[in-house]
Asker: 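Before I ask anything, let me first share the structure, which is written out below as structure tokens.
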Number of protein chains: 2
Amino acid sequence: MTQFGNHIRTRREDLRKQDRRFSLRQVAHRIEVEPAYLSKIERGDVAPPSEATTLKLARDLGEDPDVLLALAGKVSSDLQEIIRKRPRLFADMIRKMKEAPDHAILRIVREVRDGEW
Amino acid sequence: MTQFGNHIRTRREDLRKQDRRFSLRQVAHRIEVEPAYLSKIERGDVAPPSEATTLKLARDLGEDPDVLLALAGKVSSDLQEIIRKRPRLFADMIRKMKEAPDHAILRIVREVRDGEW
DNA sequence: TGTCATGTATAGTATATAGTACACATTTAG
DNA sequence: CTAAATGTGTACTATATACTATACATGACA
């Protein structure tokens, strides 16, 4: 199950149909890794790259960073920091939200955005 | 700033006043690490231990696992998994909650617990 | 006063993480 | 038809992570 590799290879090839600059080599150059390495990543020959490299990749391919990190089996370090500052509170909240349907969570996000406190 | 080490040394020594079984060596034995290693952890001579070892330590010392993991600079892998399953939703929510005061978050936890969806 | 438990210093190890470097065969484009 | 660009196979490497093993000095206590 090399979700990550398949995903970015598909995405890159899609973009490439419109824009030749999305060759493996050119993407690799822009995100500053060796072409051979990106090749191995796309084919699932190696584990997904570091957070930093994943984020560059997300930007280059126009993908959601959190989604791409999730596919890489990671959670953004800025989120982790937020949790670590109030571990009990956030751990509790997240575990409770585990079973909540999307719309319930969305409603909460909306409420908080509207500054309900 | 070796928060983790200081914290568990203090905690262990506190417990020890009531119970001789909280010597460094005996705790180390129960959580299945070498005494020398636990010693170095407590003095901040090495980085905090793995998640698994931190959890054993939390149990032995009667501490909140999420808090101890936070002091170790980590976030519980079960929380990470929850986030990774719905990355956009949870990333959004957590970032919005960053500025929210504790009582606002507590209210939300309560609402969700009461099954408001 | 000897022995038993305690904490620690020193040295070493296995595994994972995150890549680089280079050569090579194949496609693509002028 | 050839020069450049493309993707990939192979062989390394540096650094971090997470510890173990052994030996030793110190203090308690019976």
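Protein chains get the first letters and strands the later ones, always in sequence-line order, with residue 1 at the start of each.
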Asker: Identify the two heavy atoms, one from A:Met97 and one from A:Ile108, that lie closest to each other, and give their separation to 0.1 Å.
Answerer: CE-CD1, 3.3 Å
Asker: Please check the phosphate of C:dT17 (OP1 and OP2 only) for any side-chain N or O of A:Lys74 closer than 4.0 Å.
Answerer: no
Asker: Using a heavy-atom distance cut-off of less than 4.0 Å, which residues of residues 9-27 of chain B contact DNA chain C?
Answerer: B:Arg9, B:Arg12, B:Arg16, B:Ser23, B:Leu24, B:Arg25, B:Gln26
Asker: Quick one: closest heavy-atom pair of A:Asp66 and A:Ser76, and the distance?
Answerer: OD1-CB, 3.9 Å
Asker: Grab the CG-P distance between A:Leu57 and C:dA18 for me, whole Å please.
Answerer: 14 Å
Asker: Looking at every heavy atom in both A:Thr54 and A:Pro49, which two are closest together, and how far apart are they?
Answerer: OG1-O, 3.4 Å
Asker: Starting from P on D:dA18, measure out to CZ on B:Phe4 and report it in whole angstrom.
Answerer: 11 Å
Asker: So, the side chain of A:Arg43 versus the backbone of A:Ser39: is there a donor-acceptor pair under 3.5 Å, distance only?
Answerer: yes
Asker: With the threshold set at 4.0 Å, does a side-chain nitrogen-carboxylate oxygen contact exist between A:Arg88 and A:Asp92?
Answerer: no
Asker: Between B:Ile31 (CD1) and D:dA18 (C1'), how many Å, whole number?
Answerer: 13 Å
Asker: Contacts to DNA chain C from residues 33-47 of chain A, heavy-atom cutoff under 4.0 Å, which residues?
Answerer: A:Val33, A:Glu34, A:Ala36, A:Tyr37, A:Lys40
Asker: Think B:Ser50 has a side-chain N or O under 4.0 angstrom from the OP1 or OP2 of D:dC19?
Answerer: yes
Asker: Between A:Glu13 and A:Lys17, is there a side-chain N and carboxylate O pair less than 4.0 Å apart?
Answerer: no
Asker: Does the side chain of B:Arg9 reach to within under 4.5 Å of the side chain of B:Leu24, using non-hydrogen atoms?
Answerer: yes
Asker: Quick one: does A:Pro48's side chain get under 4.5 Å of A:His7's, heavy atoms only?
Answerer: no
